[in-house]
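The figures that follow rest on heavy atoms only: side chains count, while hydrogens, waters and symmetry mates do not.
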Amino acid sequence: MEHHTVPTTVLWDIDGTLVLNASSPGNLYHLALERAVGRDLTLRVGHQHGRTDAGLIAEHVRAHDLDDALIPTVSGHLRDLTDERFRAGDHRKPAPGARDLLRRFAVLGWRNGLLTGNSEHRARVKLRGAGFDLEAFDWAHSFFGDEEVDRAGVTGRAAAALRGERAVIVGDTPRDGEAADVAGIPFLAVATGGYDVEALRSTSAVAVARDCVQDVQLIEDAIAALAPLR
């Protein structure tokens, strides 16, 4: 199958897709809010996979009827907590086969970009901790969620930037697929996060892979068959 007819950008999600979901204690968004207000608070928002940093911070702030003006301060504390956890050795594990597949796509001449709810800084910290080569990613063709409350805002920016090229979002949650649909970008699902294959088959995914080891050829062929974005 021909791989080089048009530029191709693979937009990888991070949490649950490139790196396995966190098992460390504490909700960092809640902890960042507590630092911002200087007191203990009741946790009112759980972990919600597929959300953006900005959206989760806003939800935590509003769950306590606090002013949105607090959001930038909470964001700063979230960055600090991320760095502190990294320095303490709290590193994530790579999803099976993900690093090898990045290298395979580079050989094919495809860009490995990111489309994540994280900020660029938090993305770099997580990927570095999981042993990824940060130079493997095309940061100029990556899109982050530290300023977008809704993930669809992130995918919308990606679609505008990549129109006329072949692009695909690789993610592990139905929310990734919903945001891809809104932007008109194909979605490819991998069952390495919180959703199994059957749950992901209910999305619009062009393919659903068990992981990046067992279904490498399925993933590659599905991407190679895509048409450019309109």
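With a 4.5 Å cut-off on side-chain heavy atoms, Leu162 and Pro228 do not count as touching. Within the 4.5 Å cutoff, side-chain heavy atoms of Val61 are placed close to those of Leu33. In this structure, the side chains of Trp110 and Ile223 come closer than 4.5 Å at one or more pairs of heavy atoms. At a threshold of 4.5 Å between non-hydrogen side-chain atoms, the residues His77 and Thr73 count as touching. Taking the side chain as every heavy atom from C-beta outward, Phe144 and Asn118 never approach each other to under 4.5 Å. In this structure, the side chains of Ile219 and Cys212 come closer than 4.5 Å at one or more pairs of heavy atoms. At least one side-chain heavy atom of Leu127 sits less than 4.5 Å from a side-chain heavy atom of Leu114.
Distance alone, capped at 3.5 Å, is enough to place a donor-acceptor pair between the Ser142 side chain and the Asp138 backbone. At distances below 3.5 Å, at least one donor-acceptor pair connects side-chain atoms of Arg92 with backbone N or O atoms of Leu20. Side-chain N or O atoms of Ser75 include none that pairs as donor or acceptor with a backbone N or O of Ile71 at under 3.5 Å. For the pair His91 (side chain) and Phe86 (backbone), a donor-acceptor distance under 3.5 Å is present. Of the possible donor and acceptor atoms, none in the side chain of Asp67 sits under 3.5 Å from a partner among the backbone N and O of Leu70. Judged purely by atom type and a 3.5 angstrom limit, Thr52 has no side-chain atom pairing as donor or acceptor with the backbone of Asp146. Looking at His64, its side chain does come within 3.5 Å of a backbone N or O of Thr42 through a donor-acceptor pair.
Between Arg103 and Asp133 there is no salt bridge, since none of the side-chain N atoms of the basic residue sits less than 4.0 Å from a carboxylate O of the acidic one. The residues Arg175 and Glu178 are annotated as not salt-bridged, no charged nitrogen and carboxylate oxygen being separated by less than 4.0 angstrom.
Placement of Leu226 and Val190 within a single hydrophobic cluster is found when ILVMFWY residues are connected by side-chain heavy-atom separations under 4.5 Å, directly or transitively. Linking ILVMFWY side-chain heavy atoms closer than 4.5 Å, directly or via other members, places Phe132 and Val213 in two distinct hydrophobic clusters. Both Ile169 and Phe143 are members of a single hydrophobic cluster when ILVMFWY side chains are connected at heavy-atom separations under 4.5 Å. Linking ILVMFWY side-chain heavy atoms closer than 4.5 Å, directly or via other members, places Leu101 and Val10 in a single hydrophobic cluster. Hydrophobic clustering places Val206 together with Val216 (ILVMFWY residues linked when any side-chain heavy atoms are closer than 4.5 Å, directly or through intermediates).
For the atom pair CG of Asp68 and CD1 of Ile57, the computed distance is 11.5 Å after rounding to the nearest 0.5 Å. Between atom CG of residue Leu188 and atom CG of residue Asp13 there is a gap of 12.5 Å, rounded to the nearest 0.5 Å. Summarising the geometry, atom CG belonging to Asn112 is positioned 14.0 Å from atom CZ belonging to Arg99; distances are rounded to the nearest 0.5 Å. In this structure, the separation between CG on Leu18 and CG on Leu102 is 6.0 Å, given to the nearest 0.5 Å. Atom CG in Asp83 sits 3.5 Å away from atom NE2 in His121 (nearest 0.5 Å). The CZ atom of Arg124 sits 14.5 Å away from the OG1 atom of Thr82 when rounded to the nearest 0.5 Å.
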I would like to know whether Val154 and Glu147 meet side chain to side chain contact (heavy atoms under 4.5 Å, CB included); could you show each step before the answer? CA-CA 9 Å; Val154 187; Glu147 296 182 357; over 6 Å; no

Please step through side chain to side chain contact (heavy atoms under 4.5 Å, CB included) for the pair Glu220 and Leu108, ending with a clear verdict. CA-CA 10 Å; Glu220 183 179 324; Leu108 293 174; 3.8 Å; yes

Do Val19 and Asp15 pass the side chain to side chain contact (heavy atoms under 4.5 Å, CB included) test, and can you show the C-alpha distance, the side-chain angles, and the key distance before you say yes or no? CA-CA 5 Å; Val19 305; Asp15 298 297; 4.2 Å; yes

Test side chain to side chain contact (heavy atoms under 4.5 Å, CB included) on Leu200 and Val197 and set out the steps. CA-CA 5 Å; Leu200 292 169; Val197 168; 5.9 Å; no

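Not counting sequence neighbours, the partners of Glu165 by the salt bridge (charged side-chain N to carboxylate O under 4.0 Å, His left out) test are Arg111. For the salt bridge (charged side-chain N to carboxylate O under 4.0 Å, His left out) test, no residue two or more places apart in sequence or in another chain qualifies with Asp181.
Ring geometry, Tyr29 versus His60: the interplanar angle falls under 30°, so the pair is classed parallel (tilted spans 30 to 60°).
Of all the heavy atoms in Val6 and Arg166, the pair that sits closest is CG2-CB, 3.7 Å. The two atoms that bring Ala54 and Val149 nearest to each other are CB-N, 4.0 Å, heavy atoms only. For the residue pair Trp139 and Leu134, the shortest heavy atom distance occurs at NE1-O, 2.9 Å. Here the closest non-hydrogen pair linking Gly113 and Thr9 is N-CG2, 4.5 Å. Contact detail for Tyr195 and Asp172: the closest heavy-atom pair is CD1-O, 3.6 Å. Taking each heavy atom of Ala123 and Ile14 in turn, the nearest pair found is CB-CD1, 3.4 Å.
When the shell of 6.0 Å around CZ of Arg157 is examined, it contains more than 12 heavy atoms from other residues, nucleotides or ligands.
Applying the side chain to side chain contact (heavy atoms under 4.5 Å, CB included) test between Phe187 and each of Thr155, Val208, Thr203 identifies Thr203 as the sole match.
For the residue pair His30 and Asn27, no side-chain donor N or O sits within less than 3.5 Å of a side-chain acceptor on the partner.
The stretch residues 45-57 participates, sequence neighbours left out, in these salt bridge (charged side-chain N to carboxylate O under 4.0 Å, His left out) pairs: Arg51-Glu59, Asp53-Arg122.
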